[in-house]
Number of protein chains: 2
Amino acid sequence: MPPRKRATITDVAAAAGVAASTVSRAFTNPGRVNHQTREHVLAVAEQLGYAPNPAARALESGRTGTVALLVPDITNPYFAGVIKGAERAAARAGLTLVLGDTSENPGAEAELVRRLGPAVDGFVLSASRLPDEELRRAAELNPIALVNRATPGLACVVADYDAGTRQIVDHLASLGHEALVFLGGPPESWSGARRWAGLRAAAEARGMTATRFGPYAPVLAGGPAAADAVLAAGATAVVAHNDMLAIGVMLRLAERGVAVPGEVSVVGFDNIVGSDFCSPALTTLAERTEDAGARALEAVAAQVLTRSDDPPTRVLPTQLVVRRSTGPADR
Amino acid sequence: MPPRKRATITDVAAAAGVAASTVSRAFTNPGRVNHQTREHVLAVAEQLGYAPNPAARALESGRTGTVALLVPDITNPYFAGVIKGAERAAARAGLTLVLGDTSENPGAEAELVRRLGPAVDGFVLSASRLPDEELRRAAELNPIALVNRATPGLACVVADYDAGTRQIVDHLASLGHEALVFLGGPPESWSGARRWAGLRAAAEARGMTATRFGPYAPVLAGGPAAADAVLAAGATAVVAHNDMLAIGVMLRLAERGVAVPGEVSVVGFDNIVGSDFCSPALTTLAERTEDAGARALEAVAAQVLTRSDDPPTRVLPTQLVVRRSTGPADR
DNA sequence: GTGAAAGCGCTAACAC
DNA sequence: GTGTTAGCGCTTTCAC
């Protein structure tokens with residue numbers, strides 16, 4: 001099998017009658033080459049279909065022009081926004097995005113970080129399950145930015161769950177609810193912990209009672225168990241770990257003839273595609289996931305250029321999207 | 001800013017008291033090095049946190065261990081399955097997946113193919129908008145596999161729309177419908193063309209009338225226009241270009257007080273997340289998107305190893321998922 | 001079974 | 001402004 005032939009810098013140099021370094025300069029250092037020469041070189045390169053070999057470039061410079069984004073589950077609509085934002089920001093910065101799926105598995109995540117490490121300029125780790133210690137060690141080899149996970153000393157982009165949960169509680173309180181139930185997700189989830197902590201604090205400040213049930217699987221299938229527990233407890237307002245669970249709960253409530261929001265109000269997190277067209281449309285806390293992905297990628301890109309000692313933590317606003325699943329407390 | 005230090009093969013060689021070539025062999029050619037030596041080298045490498053630099057490897061071998069997947073829109077849930085399947089297959093094959101979003105834009109797609117070309121071993125192009133001619137040219141430089149797009153001479157993985165559309169038509173016919181309206185998506189969409197061709201042929205074979213409306217934007221927002229056209233035409237059965245459009249149509253029908261499936265039956269394509277929990281749950285043609293992504297990636301990987309002259313076309317079965325949005329024809 | 005040396009494509013000194 | 005030269009980290013002959 002003959003290897004596919006691709007023009008190299010020397011091919012271009014020969015065809016253009018100049019040295020390889022001139023071709024290199026024509027591409028990377030336009031200022032330091034005669035305008036005419038440059039035009040000519042570029043024309044020849046174009047005609048030969050030449051494109052610089054990133055591997056060779058990387059070898060010399062140590063920079064690969066590539067950033068890896070690791071997410072727990074690519075098909076989870078929540079991460080679609082993060083991926084898109086990161087991809088956009090990467091394209092803007094002239095970087096290439098490598099995507100890894102960790103299958104919600106810390107081991108797989110560690111292995112990817114290790115294997116991809118030398119191949120990329122940095123990492124965006126979304127909802128990382130790695131212990132702080134391991135993250136810091138990885139950060140010594142590659143710039144890292146975290147999305148929805150805070151670790152001291154690392155760049156982080158997190159949603160403002162304090163303000164967000166306050167909005168949720170205020171909304172429920174203004175509808176006359178005096179108690180809420182939080183349907184918890186995976187125990188290791190950093191954002192889950194923040195969501196619950198925020199809700200509890202906000203509820204207390206409002207004089208509302210907050211109770212946590214679960215953990216439940218943060219998917220549709222987690223709904224039945226959660227919904228049944230809610231009914232048994234006689235709750236009038238529930239806040240689910242995420243939209244998928246919230247929708248699963250509503251499906252079960254419908255099945256059992258319980259009116260939403262007539263008898264029970266339901267709130268989710270994430271504002272995923274579908275939270276707008278489920279029935280009833282879901283009240284949910286929206287995060288700016290695309291922004292988060294983009295900011296995180298930019299943070300990595302910035303660290304590639306200048307290794308800052310104290311990487312920034314960015315807090316992104318959240319917004320309560322009120323739809324049909326919440327209503328006045330039933331008395 | 002001091003560059004982050006990463007152990008190289010020479011560091012390992014020095015620490016292990018062997019030559020660099022021996023370290024190299026220990027990793028890539030286990031058979032040709034003394035067992036003891038190998039153990040020792042591997043231990044030293046492990047301890048130094050050494051991982052081979054893919055860029056350097058690529059420079060020599062011409063293989064980067066990387067495959068690029070280009071999709072029109074990362075946030076479209078339809079492609080989430082393709083991405084996941086490709087990612088899984090890549091991981092299995094020890095390859096790294098690079099993700100590109102073409103923004104449904106042929107120009108952006110061409111640019112990505114050009115820029116990424118030297119950096120990857122091959123491409124999986126999902127729902128490519130590139131003309132056949134350009135695809136063939138790109139295929140001379142890199143192995144390519146297409147998903148849901150057939151181009152003679154290139155490896156393709158396509159859904160079995162002929163069988164799928166027949167299932168749809170049979171289903172509607174068995175419910176007593178005598179005519180259907182197809183709500184078309186983007187005119188350039190290859191799969192859209194196949195869907196319509198299949199429906200028309202199947203309808204004809206069944207003695208049903210098939211009419212095509214549109215094009216409509218294949219998103220929720222395309223729904224109102226499509227739904228209004230459907231009502232004006234008095235259709236009893238509609239098949240939408242995809243689930244998002246179908247759901248958009250149902251939302252509009254609900255708004256106008258039209259019962260689904262009582263007065264109008266609605267069918268979608270794709271079986272996206274949400275088609276199960278929209279109201280009513282949507283009858284839709286499911287494709288095996290994860291499979292498609294995986295098969296396409298495998299096809300690329302195979303071509304990297306042995307350049308086959310006649311790359312295969314794989315047709316993946318489709319399956320009609322009947323839910324609540326279809327019912328007996330209203331007379 | 002192992003070491004020495006050449007070279008992959010490119011960039012970055014350093015001459016001229 | 002442009003050519004020459006020396007590597008970047010790794011694999012791969014070719015000796016030994």
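FYI, side chains are in, hydrogens and waters are out, and symmetry mates aren't considered; it's all heavy atoms of this structure.
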**Q** Less than 4.0 Å between a side-chain N and a carboxylate O, is that true for E134(B) and R137(B)?
**A** no
**Q** Could you tell me whether the phosphate oxygens of dG3(D), OP1 or OP2, come under 4.0 Å of any side-chain nitrogen or oxygen in T22(A)?
**A** yes
**Q** Tell me if the CZ atom of R32(A) is crowded by more than 12 foreign heavy atoms within 6.0 Å.
**A** no
**Q** Between dA6(C) atom C1' and L59(B) atom CG, what is the distance in whole Å?
**A** 13 Å
**Q** In whole Å, I'd like the distance from the CZ atom of R25(B) to the C1' atom of dT12(D).
**A** 9 Å
**Q** Got I9(B) and S24(B) here, is their nearest side-chain heavy-atom distance under 4.5 Å?
**A** yes
**Q** Between the base of dG9(C) and the side chain of E60(A), is one N or O donor paired with an acceptor at under 3.5 angstrom?
**A** no
**Q** Can you measure L48(A) atom CG to dG9(C) atom C1' for me and round it to whole angstrom units?
**A** 15 Å
**Q** Rounded to whole angstroms, how far apart are NE2 on H35(A) and P on dG1(D)?
**A** 13 Å
**Q** Select base, sugar-phosphate, or nothing to describe what V23(B) touches, counting heavy atoms under 4.0 Å on all strands.
**A** nothing
**Q** Distance check needed: dG1(D) P versus H40(A) NE2, whole Å only.
**A** 19 Å
**Q** Is the distance from OP1 or OP2 of dT11(D) to the nearest side-chain N or O of S24(B) less than 4.0 Å?
**A** yes
**Q** For I9(A) and dG3(D), give me the distance from atom CD1 to atom P, rounded to whole Å.
**A** 12 Å
**Q** So V157(B) and N148(B), do their side chains get closer than 4.5 Å, heavy atoms only?
**A** no
**Q** Return yes if the base of dG9(C) and the side-chain atoms of R6(A) contain a donor-acceptor N/O pair under 3.5 Å, otherwise no.
**A** no
**Q** Write down the distance between CG (N29(A)) and P (dT11(C)), rounded to a whole number of angstrom.
**A** 10 Å
**Q** Using a 4.0 Å heavy-atom cut-off, does S21(B) contact any base of the nucleic acid, only the sugar-phosphate backbone, or nothing at all?
**A** base
**Q** Does any N or O in the side chain of Q303(B) come within less than 3.5 Å of the main-chain N or O of I144(B), such that one atom is a donor and the other an acceptor?
**A** yes
**Q** Return no unless some side-chain N or O of R57(A) is found under 4.0 Å from OP1 or OP2 of dT11(C).
**A** yes
**Q** Please tell me whether D132(A) and T151(A) have a donor and an acceptor in their side chains that are separated by less than 3.5 angstrom.
**A** yes
**Q** For the side chain of N34(B), starting at C-beta, report the closest nucleotide among dG1(C), dC10(D), dC10(C).
**A** dG1(C)
**Q** Please check the phosphate of dT2(D) (OP1 and OP2 only) for any side-chain N or O of T37(A) closer than 4.0 Å.
**A** yes
**Q** So if I take every side-chain heavy atom of A19(A) and compare against dG1(C), dG3(C), dT4(D), which nucleotide ends up nearest?
**A** dT4(D)
**Q** Rounded to whole Å, how long is the line connecting atom CG of N53(B) with atom P of dG7(D)?
**A** 19 Å
**Q** Using a cut-off of 4.0 Å on non-hydrogen atoms, how would the nucleic acid contact of P52(A) be classed: base, sugar-phosphate, or nothing?
**A** sugar-phosphate
**Q** Base, sugar-phosphate alone, or nothing: which one does F27(B) contact when heavy atoms must sit under 4.0 Å apart?
**A** nothing
**Q** So, does the side chain of R38(A) form a donor-acceptor pair with the base of dG1(D) at under 3.5 Å?
**A** no
